[in-house]
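Order of the sequence lines fixes the chain letters, A, B, ..., with proteins taken first and strands second; residue numbering starts at 1 for each chain. Source: prediction; values computed, not measured.
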Number of protein chains: 2
Amino acid sequence: MLRFDCTKKGDRLEYENISERKLQILYSAVEDYIQFATPITSGSVHEKYIQDISPATLRNELSALEAMGYLKQLHTSSGRVPTTKAYRLYVNELMKSTKFGKKELETVRDLLSKRTAYLTDVISQVAGVISQATNYPAVVVLNGYDNLPIESIKIIPLIDKSALLLIGTKNGIVNGQFNLSSGVTEEVCVDASNLLTKKFYGKTIKYMRDNIQTELVDAKNEIDSFSGLYNNLIDCLSNLISGQSHIIKVGETKLLNNPEYTDLKDAKKVLDILEDDNELKQVFENGDENEISFTIGRENNSEDLKSCSVVKANYKIGGKQIASIGVIGPERMDYSNVAGALKVIVSELNKLNLLTKTNPEGDEQN
Amino acid sequence: MLRFDCTKKGDRLEYENISERKLQILYSAVEDYIQFATPITSGSVHEKYIQDISPATLRNELSALEAMGYLKQLHTSSGRVPTTKAYRLYVNELMKSTKFGKKELETVRDLLSKRTAYLTDVISQVAGVISQATNYPAVVVLNGYDNLPIESIKIIPLIDKSALLLIGTKNGIVNGQFNLSSGVTEEVCVDASNLLTKKFYGKTIKYMRDNIQTELVDAKNEIDSFSGLYNNLIDCLSNLISGQSHIIKVGETKLLNNPEYTDLKDAKKVLDILEDDNELKQVFENGDENEISFTIGRENNSEDLKSCSVVKANYKIGGKQIASIGVIGPERMDYSNVAGALKVIVSELNKLNLLTKTNPEGDEQN
DNA sequence: TGTTAGCACTCCATAACTTTGACTGCTAGC
DNA sequence: GCTAGCAGTCAAAGTTATGGAGTGCTAACA
């Protein structure tokens, strides 16, 4: 069965003077290797994909593709496996952009429709959905809270002289906690909440951080009792904003389902990176600015990740990066399925975002 | 070096007619195997632990201990490894109850002192601390919210016609979300919050569930606008209470650090159970009602866990089970260290609990 | 009766070797 | 330019030796 349809001939030839037939063979080879993880042989390509070319001819073609750097043999008399160059060509030019079934789409929608209020809950939910849809470990890196647009601010006094800070954003509630000086009443908190919401509605959290000092000095003059809140609130805000670039991981052990990691030593290298939040953050800060970004095998900076690929979606709002959402897996990754899953999830997240966006305007007009 | 000091002779003899010398040998054997994971031999015991008994005599003793079922040989001419029976004796009678260093204690206190408001955050923090302190995968199963005592109830309207429900408990905030009918003002939410807090302060969440219908019927009569809240709030409460017995896992891959899981097939069996929340819940519902409960090797019900041990602490408030906190690891687990870590964490949790308990009374008296 | 030295026995772990089979590269013919 | 067929190659699996660690047993001793 020939799965390759020739639609982008012009683009392809930019890469190299590579015949259409070689591309067809390479496409079959990569897809087969992704699916079965066994080296490609002239026999298997003939049998499964391209019956009208004999194995002997395929041998010549495979040999040529090897000379061009798209395939490599593990040893003489073994079949061939794709190189990073082949995966790159496959990802850029050959693969169907989304091989993501309707059934999976339904599952994703179902899971995301159970909306949760807190941003961190949304993130871990998203990570879970991706890991389930792709069967690889999923990682979500929230790139700080700076770019999130504020919808409302609430300060809620708790019983033991502390208070919750809830910042409602279009994506979910961000929360912090701080201590109240004695004498701060529930009323003061309500007043402060209203004041802050009024001053910062529609602005980003970064804007709030940069301007809260001056804004609150004014407020302090207006409202006396506000002083019991002032310092601690600012502390809380700066803690909230500076430190917490949240990272969530789900399904690390799914890595072990792949035959390239039957040797624990190899698996350990990758799992150790998955354990180390700082390293992982760096990994997910790499890649280009496209909607979906692929870092394949040897393209990875880290030596221990040369056997891996990282696929991530850049989740943006108003052109500003909010989070990196992605998976990590063997170089022999099902790129098509992963890219499909990530696209669907980002698009569903954007829909949720629109949903919350329309309502407050309705409220405002009332 | 003889690490065993004889203090509980009377108790020990209840088990079996086993000489003090055999106990000393067995103690050395188990501790050595826990530390090095290599079979015990007459030579190594002589060299490392009991110099004044010759290897030949130790051979006789080890052979006798094998006949009694405390040791087993993997094959003739191999050393011996402890059986489940040996670990059970070790845990019940021989081990030092806490082998938990001051340094580790400081770490635990540090981590727990960064108090977070939300119960789910507290739980995952606790799981992280345990996994870090023991170097095994940690699991926390929150046994529903039923037994948590209520301190305050807040309903917070969000911008898009939905509302947050925050139930403050002595252990942390439990939160839910529900939709508001139109016309429900911020004032109504405040009134409802105050009313609910007044009615249910000090009662458990279970009590609230069982009595909210009747209590709120009265309130509906008092306050007209309350009807916009009524149904959805009850829905939210019952969802909150029934479904969510939270389970949190941290450090699953730490299992792979142990030599008994260098074969991925063996590791997979255990990791699969760690993936399956339902099965895991059952595992952690087993065990006795003691403060710390050990389920060792073959004592496990699940066939796939016969090579594992599960140690859990029952975290209770007022005698009522709140959560199971524990670790899962190879049968050759460092029981002493794990038990120490769990005890410390439960005791620190109880302290935090007391801390929040004193403050509201202060508030009440003001 | 309990302890101990010494020796024979056992059996795993490791390495060296052999066999098998899958696949390629090459050559010659179409 | 394509293809059949055959020789060559090499890993994977199976087989056979070798070494060494550890026990069990026996006989002597306190």
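Distance, B:E61 CD to D:dG24 C1': 15 Å, rounded to whole Å. When rounded to the nearest whole Å, the span between NZ of A:K22 and C1' of D:dC2 equals 13 Å. Counting to the nearest Å, the C1' atom of C:dT3 and the CD1 atom of B:I50 are 15 Å from each other. Atom pair B:L58:CG and C:dG6:C1' shows a separation of 17 Å (rounding to whole Å applied). Distance CD (A:Q51) to P (D:dT3): 13 Å, rounded to an integer number of Å. As rounded to whole Å, 15 Å separates atom C1' of D:dG22 from atom CG of B:L71. The separation between B:L62 atom CG and C:dT3 atom P is 13 Å, rounded to whole Å. One atom, CZ of A:R21, and another, C1' of D:dT3, lie 12 Å apart when rounded to the nearest Å.
Of the inter-residue distances, the one linking A:L62 atom CG with A:T41 atom OG1 reads 8.0 Å to the nearest 0.5 angstrom.
Relative to the side chain of B:I53, the nucleotides C:dT24, C:dT4, C:dT10 differ in distance, and C:dT4 lies closest. Taking every side-chain heavy atom of A:T41 into account, C:dC23 is the closest of D:dA21, C:dC23, D:dC10. Closest contact between the side chain of A:Q73 and the listed nucleotides C:dG25, C:dC11, C:dC23 involves C:dG25.
Phosphate proximity of D:dT3 to A:S54: present, with a side-chain N or O under 4.0 Å from OP1 or OP2. Contact check, B:R59 against D:dT26: no side-chain N or O comes under 4.0 Å of OP1 or OP2. Contact annotation: A:S78 side-chain N/O to C:dA22 OP1/OP2 distance is not under 4.0 Å.
Contact annotation: side chain of B:R80 to base of D:dG24, donor-acceptor pair absent below 3.5 Å. Judged by distance alone with a 3.5 Å cut-off, no donor-acceptor contact links the side chain of A:S77 to the base of C:dT24.
Residue A:T57 is classed as a base contact, given a heavy-atom separation below 4.0 Å to a base.
Within a 6.0 Å sphere centred on NZ of B:K269, heavy atoms belonging to other residues, nucleotides or ligands number 12 at most.
Between B:L342 and B:I130, the closest side-chain pair of non-hydrogen atoms falls below 4.5 Å.
A cation-pi geometry, defined here as NZ or CZ lying under 6.0 Å from the six-membered ring centre and within 45° of its normal, does not hold between A:K254 and A:Y136. Cation-pi geometry between B:K85 and B:Y70 is met: under 6.0 angstrom from the ring centre, within 45 degrees of the axis.
Between B:A56 and B:H75, the residue anchored nearer the 5' end of DNA chain C, judged by the nucleotide with its closest heavy atom, is B:A56. Each of B:N60 and A:L74 lies near DNA chain D, and the nucleotide nearest A:L74 is the one positioned closer to the 5' end.
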